[in-house]
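Quick notes on the structure that follows.
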2 protein chains.
Amino acid sequence: MTTSRRQAVRKVLAASTSFRSAQDIYAEMRASGAKIGLTTVYRALQALSDAGEIDVLRTDDGEAVYRACATVSHHHHLVCRRCGKTVEVAGPDVERWAEAVGKEHGFTDVTHTVEVFGTCPSCAEEAKAG
Amino acid sequence: MTTSRRQAVRKVLAASTSFRSAQDIYAEMRASGAKIGLTTVYRALQALSDAGEIDVLRTDDGEAVYRACATVSHHHHLVCRRCGKTVEVAGPDVERWAEAVGKEHGFTDVTHTVEVFGTCPSCAEEAKAG
DNA sequence: AGCAAAATGAAAACCATTGTCAAAACGGCC
DNA sequence: GGCCGTTTTGACAATGGTTTTCATTTTGCT
């Protein structure tokens, strides 16, 4: 437990299938007995994010949520708006499109964010049943 | 000036070419002599957003920014990360791609968000000069 | 061990946003 | 015009996620 708690935070994220908030991660770690401070969780998340090991995005109410990337390369997410299940998707076409759009208007250092939301099959079932 | 200050807020947005934060809008209105409270600006923005008259999105640091939609139809934005200048862009290919990605994984009611960021020509100049 | 640099965490500071509530503006109605 | 109930407003307080601060602990190195 001596080597940076960053590892611990990374593990929690690795074990999750959907986006988690910092507060959420902190709560889970404390609940499972880990001795860690909220500050450190934030710092670990920021470091992991800087290192490109995890994704960050903002919920509609401005909370930051994090998720371990399964792949190192650039990719996007297809997120179930009901259960939060996430599928990583590659979109070479989108990359090219974004790049082209930027160029067309003379913009440089073009980056982009793309998130696709929908209702996953199982949630669609539930909705029909319930 | 009696009819809801919502109109005033709408005007400020209409006169802007890029995304504005609530605080920003409030500051401008006060600076130009308008008698309005921050609370009311927030309320007006929320109402306009609910009415679908303006776009809302979150900056990377979680601040909400608003912009009057020039077009009613679905579109995306190319935003200068330095000065905030915004260009509305259509992306039929992206729409199709998002739809296809959703279908491929069995997701229904698929929606998506796409934002492209970059450095606009004039800011690139400044950066080079300064 | 011994010591400087990095990591940690409790508590305070920040700050956009939201809630509260009393005062002001509005809209009928006599 | 004057009255009264409803809506809007806005100063201020409260919220809550995130960041800073700073003193303490741990780590890395010799």
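Quick note on labels: first sequence line is chain A, next is B, and so on, each numbered from 1.
Judged purely by distance below 3.5 Å, without hydrogens or angles, the side chains of B:Q46 and B:Y66 never pair a donor atom with an acceptor atom.
The separation between B:Y26 atom OH and C:dA16 atom P is 13 Å, rounded to whole Å. Rounded to whole Å, atom C1' of D:dT19 lies 13 Å from atom CG of A:L45. As a whole-Å value, the separation of A:K35 NZ from C:dG9 P is 10 Å. Atom CG of B:D61 is separated from atom C1' of D:dT19 by 12 Å (rounded to the nearest Å). The CG-P distance, from A:L57 to D:dG17, rounds to 17 Å in whole Å. Here the P atom of nucleotide D:dT25 and the CZ atom of A:R5 are 13 Å apart, to the nearest Å.
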Which is it for A:R58 and A:V65 under the side chain to side chain contact (heavy atoms under 4.5 Å, CB included) test, yes or no, and what are the steps along the way?
CA-CA 6 Å; A:R58 295 270 173 178; A:V65 286; over 6 Å; no
Take A:H112 and A:E95 through the test side chain to side chain donor-acceptor pair (under 3.5 Å) and record every step on the way to the result.
CA-CA 8 Å; A:H112 61 278; A:E95 319 297 320; 3.2 Å; yes
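Within 3.5 Å, no donor on the side chain of A:T40 pairs with an acceptor on the base of C:dA7, nor the reverse. One cannot find a donor-acceptor pair under 3.5 Å joining the base of C:dA16 and the side-chain atoms of B:S21.
Comment: B:R67 engages B:E88 in a salt bridge, judged by a side-chain N to carboxylate O separation of less than 4.0 angstrom.
For C:dT18, the OP1/OP2 oxygens have no side-chain nitrogen or oxygen of B:Y42 closer than 4.0 Å. Applying the 4.0 Å criterion to OP1 and OP2 of D:dT8, one finds that B:R6 has every side-chain N and O outside that range.
Between A:Q23 and A:R43, the one whose closest nucleotide on DNA chain D sits nearer the 5' end is A:Q23.
Relative to the side chain of B:Q46, the nucleotides C:dT17, D:dT20, C:dT18 differ in distance, and C:dT18 lies closest. Considering only side-chain atoms of B:A64, the nucleotide from C:dA10, D:dT18, C:dT17 that sits closest is C:dT17. Here the nucleotide nearest the side chain of B:A22, chosen from C:dT17, D:dT20, D:dA11, is C:dT17. Here C:dT17 is the nucleotide among D:dA11, D:dT18, C:dT17 with the atom lying nearest to any side-chain atom of B:R58.
Remark: the backbone N or O of B:L38 is not paired with any side-chain donor or acceptor of B:R30 at under 3.5 angstrom.
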